[in-house]
Amino acid sequence: MSTVNRANRKATDADIIRLNSVGLSLATIARVLGCHPSTVTIRLTSLKINPADTRRSFMEDVFTRLSPDEQEWLADQLSPEVSIKDFVVKLIVDAAK
């Protein structure tokens, strides 16, 4: 494993950490930052940060952590016309305004 700090890195450690914290896969992080997925893995390992677990169902994990009342509220917000993905995007866009 390389611990050399290269000035010509395509992505900063902060970029990798942020995208990993969002829950993106290593391949997606690499594509966004213009590097190879193994580079992302090596950098996270050297920083002692576990890669996001993208094999698990993200929404299943979120949903099961909610109370029954919160689960009911969330289900009421969604419909065939409003997916969970669209709902979360809208929440983020509205919060960033």
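Atoms considered below: every heavy atom in the structure, side chains included; atoms not considered: hydrogens, waters and symmetry mates. Here, residue 1 is the first one in the sequence, and each next residue gets the next number.
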- So do Leu74 and Ile84 actually touch side chain to side chain, heavy atoms under 4.5 Å? yes

- Query: If you round to the nearest 0.5 Å, how far is CZ of Arg18 from CD1 of Ile29?
  - Reply: 12.0 Å

- Output for pair (Asn20 CG, Ile49 CD1), nearest 0.5 Å, gives 7.0 Å

- When every non-hydrogen atom of Ala30 is compared with those of Pro37, the smallest separation belongs to CB-N, 3.4 Å

- Task: Evaluate the side chain to side chain contact (heavy atoms under 4.5 Å, CB included) criterion for residues Asp69 and Trp73: first the C-alpha distance (whole Å), next the side-chain angles of each, then the deciding distance (0.1 Å), finally the verdict.
- Result: CA-CA 6 Å; Asp69 287 340; Trp73 178 86; over 6 Å; no

- Task: Would you kindly confirm whether Ile17 and Val22 end up in one hydrophobic cluster when ILVMFWY residues are joined by side chain heavy atoms under 4.5 Å apart?
- Result: yes

- So, Asp86 side chain and Leu78 main chain: donor-acceptor pair closer than 3.5 Å or not? no

- Message: Test of understanding: clusters of I, L, V, M, F, W, Y form through side-chain heavy atoms closer than 4.5 Å, transitively. Do Phe63 and Ile92 belong to the same one?
- Response: yes

- Item | NZ/NE/NH1/NH2 to OD/OE distance under 4.0 Å, Asp61 and Arg65 | yes

- When rounded to the nearest 0.5 angstrom, what is the spacing between CG in Leu66 and CD in Glu72? 12.0 Å

- For the residue pair Val40 and Cys35, establish whether any side-chain heavy-atom pair is separated by less than 4.5 Å. yes

- Task: Grab the two heavy atoms, one from Leu24 and one from Ala52, that are nearest each other, plus how far apart they are.
- Result: O-CB, 4.1 Å

- Message: Could you tell me if the side chain of Gln77 sits less than 4.5 Å from the side chain of Val82, heavy atoms only?
- Response: no

- Note on the structure: So CE of Met59 and OG1 of Thr64: to nearest 0.5 Å the spacing works out to 9.5 Å

- Task: Start with the C-alpha gap between Val93 and Lys97, add the side-chain angles, then the distance that decides, and say whether side chain to side chain contact (heavy atoms under 4.5 Å, CB included) holds.
- Result: CA-CA 7 Å; Val93 169; Lys97 288 182 183 178; 4.1 Å; yes

- Look up atom OG in Ser21 and atom CD1 in Ile16, then write down how far apart they are to the nearest 0.5 Å. 11.5 Å

- Query: Would a 4.5 Å heavy-atom cut-off, applied to side chains only, mark Leu33 and Thr39 as touching?
  - Reply: no

